[in-house]
Structures are given as C-alpha cells and as structure tokens.
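Note on naming: letters A, B, ... go to the chains in the order of the sequence lines (proteins, then strands), and numbering restarts at 1 for each one.
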Number of protein chains: 2
Amino acid sequence: MTVDTKTRILDAAERLFAERGFGSTSLRNITTAAGVNLAAIHYHFHSKDVLLENVITRRSDVVNQRRLEMLERFRQEAAGAPVPLERLLQAFLAPSFDWVRESGEAGLRFAKLMGRLHAEGGISQKLMISKFGPVVEVFHTALQESLPGLPAQELWWRVHFSIGAMAHTLRWSQQMVELIPGHAPTPPDTELALGRLISFLSGGFRVPASAATGVNS
Amino acid sequence: MTVDTKTRILDAAERLFAERGFGSTSLRNITTAAGVNLAAIHYHFHSKDVLLENVITRRSDVVNQRRLEMLERFRQEAAGAPVPLERLLQAFLAPSFDWVRESGEAGLRFAKLMGRLHAEGGISQKLMISKFGPVVEVFHTALQESLPGLPAQELWWRVHFSIGAMAHTLRWSQQMVELIPGHAPTPPDTELALGRLISFLSGGFRVPASAATGVNS
DNA sequence: GTCTATAACTTGATAGAC
DNA sequence: GTCTATCAAGTTATAGAC
C-alpha cells in the first residue's frame, strides 16, 4: 500500500493532467494532491515537461507493446495472407480499451488524459507524435495489405478519422451520461464501446476509394 | 482595416486559445498580441471565462444556424421521406468545413480551437455541450428516421464517433504534413477532407446494428 | 473607452540545511 | 531524498486618473 514518492507524483500528475489539462495544472496542485514536497518534483523529474513525458511513457509503452504483440499473433493466424480488417482494428484499439477496463479508476483517468493530449498542442503534441507515431505507421502498412484497392493517402485520412473517434471515445468514456440525453446513468462499459467502435470503423474502411480523388491522392 | 478593441481582443484570443489552449493562454498574452491594454479585456468581457464564451459564440452561432438551414433544405428536397444519410452528414459537417475554407487563416484557427475544445474539460466542456448539444440532438433524431433499423443508443455512439473524427480532422487540418509520413507538404484541402470524412462515416453508419447488443442498447 | 498603477496571489525553479 | 525558504517572473483583477 505504501508507494514511493516518485510514483505518488506520477499518479497525482496523471489524474490532474487528465482532469484539467497540462497547461492548467500547476506543480503545486500536483504536490498538494500527492502529499509531497514541491522540491521533490524537481528532484525526481527536473521539470514539468519531463514529468509529463514520464506520465505518458509509463502507460504508452505498455499499450503500444500489446498492440504489436496482438498484431503479430493475428499475422501468424493469417499465415501469410493479409490480416482481416476487423483483426487489425482490434489489435490497435483493444489494448487501450482493455487497459482502461482492467485498471479501473486509473484506467479511466489515463483514457481521459490520452483523449485530451491528442487534442492539445505544444509539448503534448510532440510527445504524442513521438510516442504513438511509429506504431500507427506499422498499422497503416498492415491496413494497406488488407485493403489493396485503397490509395495510401486516402488510407491515411481514414486512419486519422479512426484515431479521432478513438480519442474522443476514450476522452468521454466516463461521461456518456452527460452527452447522451435520456441515457440512464450506467457505469462506463468499455467493452461495449470497443465492439461498437470496431464495427463502425470497419464500415468506414470498407467504403470504396472515392472517385473524385484524382488531384490529391 | 481599423477594427475596434473588442474585436481585436476576440481575434487575438481565438488565435492564442487555438494555438496553446485555454489554460495555457494568459490575458497578458492576449492583450500583447492584440496591442491593447490589459484593463480593456476586463472592461469588455469582465473575466477570462466570459471571454472564451464570446470567442466560441461568435462562430458557433453562425455554423449551427447554417447546419439547421441546410437540414431544412434537404428535408424539403426529400418531400416527407427520410433525408438520405449522406445529406444529413453533409448538413452537419459542411458548415464547419465551409466556414474554415471561406475564412482562410481565421477559419483554420477556429477549426483548431473547436477541435481542441472538444477535448478539454472545465469551462470549455460546459460551453461545448451547451453550444452544440441541442443541434446534435436535432441531427440524432433525423438520423433515426433515415436509419430505422438502428437502436437509439447505438446511434448515439455512432454520432459521438463521428464528432470525434470531425473534431480531430479540424484540429489537425493544418498539420497533416506532420502526421502523414512522406506526405508532400500541400496546403490544407478542407473540401477533400470533408468528402472523405462523409464517405468514411456513411460506411460506418450503414453497418447493421451489432448482434451482441442486448444488455445495454 | 482607454490608460497607469498596483494589489494580491500563483507560477516554475533553485539553493542549501538536514 | 526530503525539507524550508526564497527568487524572479508572471498571473487575474481592480481602483482611479484622463
């Protein structure tokens, strides 16, 4: 039950960044919430930017590795043939949703943070691109094999539409009640959300390449 | 060419909120960029929160009204029959993309701001729900008529997936270069993005209602 | 309506004792 | 590793002259 100062800081920072955003959270907010001294944050992380990077990396490394492992498993199942679209979507999306489900409160917090950081700029933006960009490229390549008719450019657009839908869903997973009028207050059901997202996106990816696409694709 | 102080403040605030986010932008940043005095901002808007509300309302009122007008026009074209899905998506999405295209720099700035505020919390969150919620409800109802097989709950999920994709696209419309490896640096083409988003989403909405949906839909 | 001046407080960061 | 003390800079907000 006793956790060290460094972890306490990471936990508190993750929660506060998720709730108020990076720019609106002060180091003093974090130290107060974590019950540690202000100087400790500088001792362990040197600066606010480095702290954010540590907050992200602690989770993104796990999620990204699971993504690649899942992709690899589906590749072996496919035995040389292209991996089916739904499998690719599952390999990319499930690790984040799963982690959110398994981790309870902490998972929901990180989901919110990821969704938020996807939309922020400055240092958050650079970190998101560097932490998730390479894995997204791997999946783009795999998608090209599974959807051979689609120009690479158009596929990139669809990948980004999907990332937007995912980020938004993670961001609001706790608060669908506020968004859906008349929605009975149910606990967040990430498994339901994941299934629906996968089937929705699969429909989008399967739409034939647009005809009037000449110039820019 | 001469604009009054109030407009100068709104313009500068819109730009800075878009670039750095609400929490990371100080009133002094705004007054410096606008070339006005710090006190002017308090005189005209009373507080930072009210300023944000004015920044949003100035644009959202226009976009939302165009959405409803376009929907009404398509309703009349349909002559009592349900409005076709692509038309509904167009009526919802085109006004924002059009406004962005027509307004050049200012349009791109506001696009970025909207995309960003969709993901933020606190006061931004409340404002987004209050400014866009009612219009989204109107479109949800129209979508139900056009997609009669879909349970209302599942349709809500899909609406939110779409809003996520839209927000993310607007947010990054200026910077696809950074996101798409090997993408030749082209000027942002919002018309192309709109067309591709509509066809992608239409595929998603047309997927039959999920089978394993019993409990929660 | 716009300015200066300033109050009252918070910010990220560091130096140095223990 | 953790503390107190403190810094210089920046923060929202207001009072009052013009």
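- In this structure, B/Phe110 has its ring center under 6.0 Å from that of B/Trp99.
- Among C/dA13, C/dT14, D/dT4, the nucleotide with an atom closest to any side-chain atom of A/Asn37 is D/dT4.
- Environment of CD in B/Glu191: sparse, with no more than 12 heavy atoms of neighbouring residues, nucleotides or ligands closer than 6.0 Å.
- For the pair B/Lys6 and A/Asn29, nearest-nucleotide mapping onto DNA chain C gives the more 5' position to B/Lys6.
- Taking every side-chain heavy atom of A/Arg28 into account, C/dG12 is the closest of C/dG12, C/dC3, D/dA13.
- Toward the 5′ end of DNA chain C lies the nearest nucleotide of B/Asp4, the other residue of the pair B/Asp4 and A/Leu38 mapping further downstream.
- With D/dT4, D/dT14, D/dG1 as the choices, the nucleotide that has an atom nearest any side-chain atom of B/His42 turns out to be D/dT14.
- Taking every side-chain heavy atom of A/His44 into account, D/dG1 is the closest of D/dG1, C/dT14, C/dG12.
- The distance between atom CD1 of B/Ile9 and atom C1' of D/dA13, rounded to the nearest whole Å, is 15 Å.
- In terms of position along DNA chain D, the nucleotide closest to A/Val36 lies nearer the 5' end than the nucleotide closest to the other residue of the pair A/Val36 and B/His46.
- Ring geometry, A/His160 versus A/Trp156: the interplanar angle falls under 30°, so the pair is classed parallel (tilted spans 30 to 60°).
- Side-chain contact, A/Asn54 with A/Thr57: no donor N or O sits under 3.5 Å from an acceptor N or O.
- Checking the phosphate oxygens (OP1, OP2) of D/dT2, no side-chain nitrogen or oxygen of A/Tyr43 falls inside 4.0 Å.
- Among the heavy atoms of the strands lying under 4.0 Å from A/Ala39 is at least one base atom, whether or not backbone atoms are also near.
- At the heavy-atom level, B/Thr31 lies nowhere under 4.0 Å from the strands shown.
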